[in-house]
Amino acid sequence: MDARFLKPYNPKETEGKIYQLWEESGFFNPDVCIAKGVTKPKADVFSIILPPPNATGVLHLGHALEDSMQDTMIRYNRMQGKRTLWLPGTDHAAIATDSKVTKILEKEGLKKKDIGREKFLERVDEFVANSRKTIVKQLKKVGASLDWSRETFTLDEKRNLAVRTAFKKMYDDGLIYRGNRMVNWDPKGQTVISDDEIVYEERKGKFYTFKYGPFEIGTARPETKFGDKYVVMHPDDKRYSKWKHGEKITVEWINGPIEATIIKDPASEMEFGTGVMTITPWHSHIDFQLAEKYKLEKEQIIDQYGKLLPIAKEFAGMKITDAREKIVEKLKAKGLVISIDENYVNRVATAERSGGIIEPQIMLQWFVDVNKKIPARNDKSLKELMLEPVQEGKIKIIPKHFEKVYFNWVLNLHDWCISRQIWYGHQIPVWYRSTSLTTGKESEIYCGMEAPKGDGWEQDPDTLDTWFSSGMWTFSTLGWPDMNAPDLKNFHPTSVINPGYEILFMWIARMILMSQYLINEIPFKTVYLHGILRDAKGQKFSKSLNNGVDPIEIIEEYGADALRMSMIVGIGPGADSKFDIQKVKAYSKFSNKIWNAARFVLDNTKDFAVPLDPVYDEEDKATDEELKNLLTEITKEMDEYKFYIVAEKLYHYFWHTFADITIERSKKKILENKNVDSAKALLFNQLTTLLKTLHPFMPFITEEIWQTLPIKNKNLLMVEKWPHFAKASRDKPL
RNA sequence: GCGUCUUUAGCUCAGUGGUAGAGCGUUCCGUUCACAUCGGAAAGGCCGUAGGUUCGAUCCCUACAAGACGCACCA
């Protein structure tokens with residue numbers, strides 16, 4: 001009897017040692033599994049690319065949830081004899097990392113602009129290297145059986161090549177264009193962001209009604225109104241039927257009289273306010289559309305720092321928040337203020353990362369055209385390429401209702417703004433040269449893998465949206481653009497991707513786009529979405545609430561197996577869940593239960609040679625059948641990704657059938673010396689079967705016990721075969 | 001405005017076309033040997049509301065209510 005079994009199960013003593021054992025075996029790497037004969041060279045393939053954690057810091061509990069789920073899938077399929085690859089990596093997370101390091105520098109009293117691009121990037125690299133080390137350590141603690149020999153990074157050399165290759169191809173195909181369009185400018189982060197990086201916040205503000213000539217107009221943003229020389233009303237609005245479209249009137253406005261033009265368009269809702277509005281095409285999406293429609297003039301009012309331009313005359317140079325009240329005061333003095341509603345609730349667009357209030361602006365940026373027909377893809381657009389595989393069922397989203405959500409999003413998709421005015425990221429592979437030294441205007445443009453030959457070329461200083469590179473993640477990690485890379489051939493399309501539903505659009509959709517377009521293949525067959533993990537009160541984990549829980553601390557106290565079970569049992573796909581330490585405690589008790597049951601079985605079967613084909617008495621036979629039936633059931637459920645049910649069933653069977661009934665019954669038999677062989681064989685066989693089936697969920701303790709079992713020529717449990725009783729393929733006990 | 005999800009025991013959640021389950025919690029009883037990180041037992045739910053389909057609905061359909069979320073708009 002191993003002395004360790006005389007004490008309660010101690011995960012701390014076990015986990016590090018066991019992980020090392022796994023790592024040294026090399027079995028995380030499917031090639032090693034084949035080389036060592038535990039996997040057949042032509043076995044089916046199962047592959048998952050780890051959603052790369054942002055290289056901005058440490059992993060939180062949500063990651064632990066994701067890692068537990070994926071490791072469970074991976075271990076199950078590895079035990080099914082498949083060529084199984086789980087590939088790790090980290091994401092450079094452009095804006096997130098850039099702003100994080102910027103903040104760190106600020107604390108040191110350093111400004112980004114002062115130290116320059118090169119020095120800044122050095123600092124970021126240093127920071128990221130540390131974060132990545134921490135992340136790897138954490139993933140190992142959870143027991144993640146990731147193939148570390150294939151570890152990648154979205155910003156490393158190979159991925160950089162992939163990104164440039166993709167950009168050039170899209171550029172050459174006319175899918176990437178540069179244009180002056182309405183974009184979301186973040187004055188705080190000093191960069192453009194995509195629609196998906198906006199977070200709307202409800203804020204109480206003021207809503208002003210001003211006198212504008214013969215009309216009354218409403219606005220929440222008086223500071224944008226300087227250039228408003230178009231007044232819009234609904235064509236059917238009888239109140240204004242005397243005014244004609246295109247009619248010009250002179251009105252007294254902020255800085256004196258201006259000539260205003262009447263525009264009749266249904267964009268102005270009759271029910272809203274007075275039914276009349278003025279427009280600011282440079283700083284509003286809808287106004288921009290109207291301006292395009294009627295070929296109206298557009299004037300910039302606010303600069304990129306959120307300050308008013310000379311058009312504001314006496315207010316020029318003022319920040320918008322300061323200017324707002326002063327402008328209202330001036331209008332008041334001129335008798336143009338009709339009313340002010342103090343309780344107006346507005347949804348303010350803010351930048352996800354910096355928190356800055358988005359100022360829509362017309363700017364020259366790079367975009368991906370999602371509607372252009374692509375000859376090489378049967379004239380389908382990127383939008384269609386995104387819809388098709390999901391519609392046709394080639395990609396299955398679990399839970400299914402997210403497919404609807406996905407379609408909805410794709411159908412409403414606008415061109416994707418991919419340029420960012422930050423330094424950290426993939427620099428846009430485009431170079432400009434001005435032929436005329438006097439104007440300094442870019443008149444030559446070159447897109448390529450490397451800088452063009454000749455003098456005077458300057459690379460576009462902008463970097464790409466982080467999702468541009470992560471969109472290529474399933475194949476850039478496997479060797480693309482080398483279409484003959486063995487990993488790409490073997491492991492793509494990947495089997496499953498397992499992110500939270502909140503990045504269905506940002507990431508999943510972009511991966512389908514990139515994969516469909518660049519390699520004409522789906523990126524994954526199944527999207528298994530998980531929900532958001534919240535605290536016990538149902539609040540999101542966040543820094544401001546200071547309700548964070550460190551998964552490593554939980555593991556230190558209760559063990560990785562207990563944490564993993566608590567993250568799996570009863571948490572269905574796409575469902576949010578509350579983290580409760582009680583649940584972890586319950587499964588750490590379960591760990592101990594397994595431990596002690598193993599001790600009992602080992603103790604009572606130590607001098608017993610388990611026959612290959614044991615003869616069971618009647619009740620043991622029934623018990624044996626019961627477990628076989630359970631196995632058939634859970635194997636099916638595992639293949640259907642219902643591991644949240646399987647884990648619970650195994651828990652229940654182990655505790656309330658194996659421990660409470662089978663073990664108790666065996667005690668009686670051994671004591672009375674009746675059918676002892678049957679009892680002992682059953683104990684041993686059921687324990688081994690249960691260890692195998694529990695292994696994907698609780699890898700450490702099951703492996704630890706497995707290591708002490710008296711079985712000849714046994715391998716690591718992680719590469720043992722998942723039991724299939726239907727085929728009557730039994731182990732070879734002593 | 002368009003759309004999605006949730007509503008089951010005190011709490012957190014599974015689940016099934018034939019009048020319900022788990023974990024934790026509560027109460028009681030027990031336990032010298034695999035395990036006090038234990039065993040046995042009990043209490044506790046007209047499965048959000050109202051209709052419909054059905055021999056029969058918690059499960060399917062419709063409406064409603066409450067809560068959460070997504071998208072668009074917000075002059």
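In what follows, chains are A, B, ... by sequence order, proteins preceding strands, each numbered from 1. Remember, it's a predicted structure, so these values are computed and weren't measured experimentally.
Listed nucleotides: B:A75, B:C74, B:A34. Nearest to the side chain of A:I286: B:C74. Nearest nucleotide to the A:E664 side chain, out of B:G39, B:C35, B:A75: B:C35. Comparing B:G39, B:C13, B:C74 against the side chain of A:K578 picks out B:C13 as the nearest.
Distance check on atom C1': B:U19 versus B:G56 gives 10 Å, rounded to whole Å. For the C1' atoms, the distance linking B:U7 with B:G48 amounts to 6 Å, nearest Å. Only the P atoms considered, B:G25 is 40 Å distant from B:G51, to the nearest whole Å. A distance of about 9 Å separates the C1' atoms of B:G15 and B:U8, rounded to the whole Å. Taking atom C1' on both nucleotides, B:C64 is separated from B:G23 by 34 Å, rounded to a whole Å. Comparing the C1' positions of B:C55 and B:G17 gives an interatomic distance of 12 Å, to the nearest angstrom. On the C1' atoms, B:U62 is 38 Å away from B:C24, given to the nearest whole Å. B:C28 and B:A43 have their C1' atoms separated by 10 Å, with the value rounded to a whole Å.
When each of A:D576 and A:D196 is assigned the nucleotide of RNA chain B with its nearest heavy atom, A:D576 is the one assigned upstream, toward the 5' end. Remark on RNA chain B: of its neighbouring residues A:A659 and A:S268, the 5'-side contact belongs to A:A659, judged by nearest-heavy-atom nucleotide.
Residue contacts for A:D660: at a heavy-atom cut-off of 4.0 Å it reaches the sugar-phosphate backbone alone, with no base atom in range. Nucleic acid contact class of A:G570 (heavy atoms, under 4.0 Å, all strands): sugar-phosphate only. Note on A:E269: a base of the nucleic acid sits closer than 4.0 angstrom, heavy atoms only. A:F505 comes within 4.0 angstrom of sugar-phosphate atoms only, judged by non-hydrogen atoms across all strands, and of no base. Contacts of A:T219 with the nucleic acid, taken as non-hydrogen atoms under 4.0 Å apart, involve only primed sugar atoms and P, OP1 or OP2. Residue contacts for A:K585: at a heavy-atom cut-off of 4.0 Å it reaches no nucleic acid atom on any strand shown.
Of the possible donor and acceptor atoms, one in the side chain of A:Q361 sits under 3.5 Å from a partner among the backbone N and O of A:I302. Distance alone, capped at 3.5 Å, is enough to place a donor-acceptor pair between the A:S268 side chain and the A:G275 backbone. A distance-only check finds no donor-acceptor pair linking the side chain of A:Y240 to the backbone of A:V232 [under 3.5 Å].
For the pair A:L602 CG and B:A34 P, the interatomic distance rounds to 14 Å; values are reported in whole Å. One interatomic measurement links the two molecules: CG of A:L411 to P of B:A72, which rounds to 14 Å at whole-angstrom precision. Whole-Å rounding puts the A:I279 CD1 to B:C74 P distance at 12 Å. Here B:U4 presents its C1' atom at 14 Å from CG of A:N412, a figure rounded to the nearest Å. The distance from atom CD of A:Q289 to atom P of B:A75 is 14 Å, rounded to the nearest whole Å. Computed from coordinates, the A:R534 CZ to B:C11 P distance equals 19 Å when rounded to whole Å. Following rounding to the nearest Å, A:R347 (CZ) and B:A72 (C1') show an atom-to-atom distance of 8 Å. As rounded to whole Å, 6 Å separates atom C1' of B:C35 from atom CG of A:N592.
Evaluation of the side-chain contact (heavy atoms from CB on, under 4.5 Å) rule for A:K295 yields no partner, not counting sequence neighbours.
A salt bridge does not link A:D580 to A:K583: none of the charged side-chain nitrogens sits closer than 4.0 Å to a carboxylate oxygen.
Remark: the A:Y212 side chain and the A:D228 side chain contain no N/O donor-acceptor pair separated by less than 3.5 Å. Checking A:K667 against A:N604 by side-chain atom types alone, no donor-acceptor pair falls below 3.5 Å. When only modelled atom types and interatomic distance are considered, A:E626 and A:T623 share no side-chain donor-acceptor pair under 3.5 Å. In summary, the side chains of A:W467 and A:D196 do not present any donor paired with an acceptor at a separation below 3.5 Å, with no hydrogens or angles considered. In this model, a donor atom of one side chain and an acceptor atom of the other lie less than 3.5 Å apart for A:D620 and A:S678.
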- Query: Could you spell out the base pairing of RNA chain B in dot-bracket, with Watson-Crick or G-U pairs whose two distances are under 3.5 Å, [ ] crossing and | to another strand?
  - Reply: (((((((..((((.......)))).(((((.......))))).....(((((.......))))))))))))....

- Under 4.0 Å protein heavy-atom contacts per nucleotide of nucleotides 21-30 of chain B, with B for base, S for backbone only and - for none: -SSS------

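A:K636 NZ: 12 or fewer foreign heavy atoms inside a 6.0 Å radius. In A:K396, the NZ atom is not crowded: 12 or fewer heavy atoms of neighbouring residues, nucleotides or ligands sit closer than 6.0 Å.
The ring of A:F272 lies on top of the base of B:A75, close enough and flat enough: under 5.5 Å between centres, under 30° between planes.
Remark: A:W409 is not in phosphate contact with B:A72, judged by side-chain N or O atoms under 4.0 Å from OP1 or OP2. The shortest distance between the side-chain N/O atoms of A:Y344 and the OP1/OP2 oxygens of B:A75 is below 4.0 Å.
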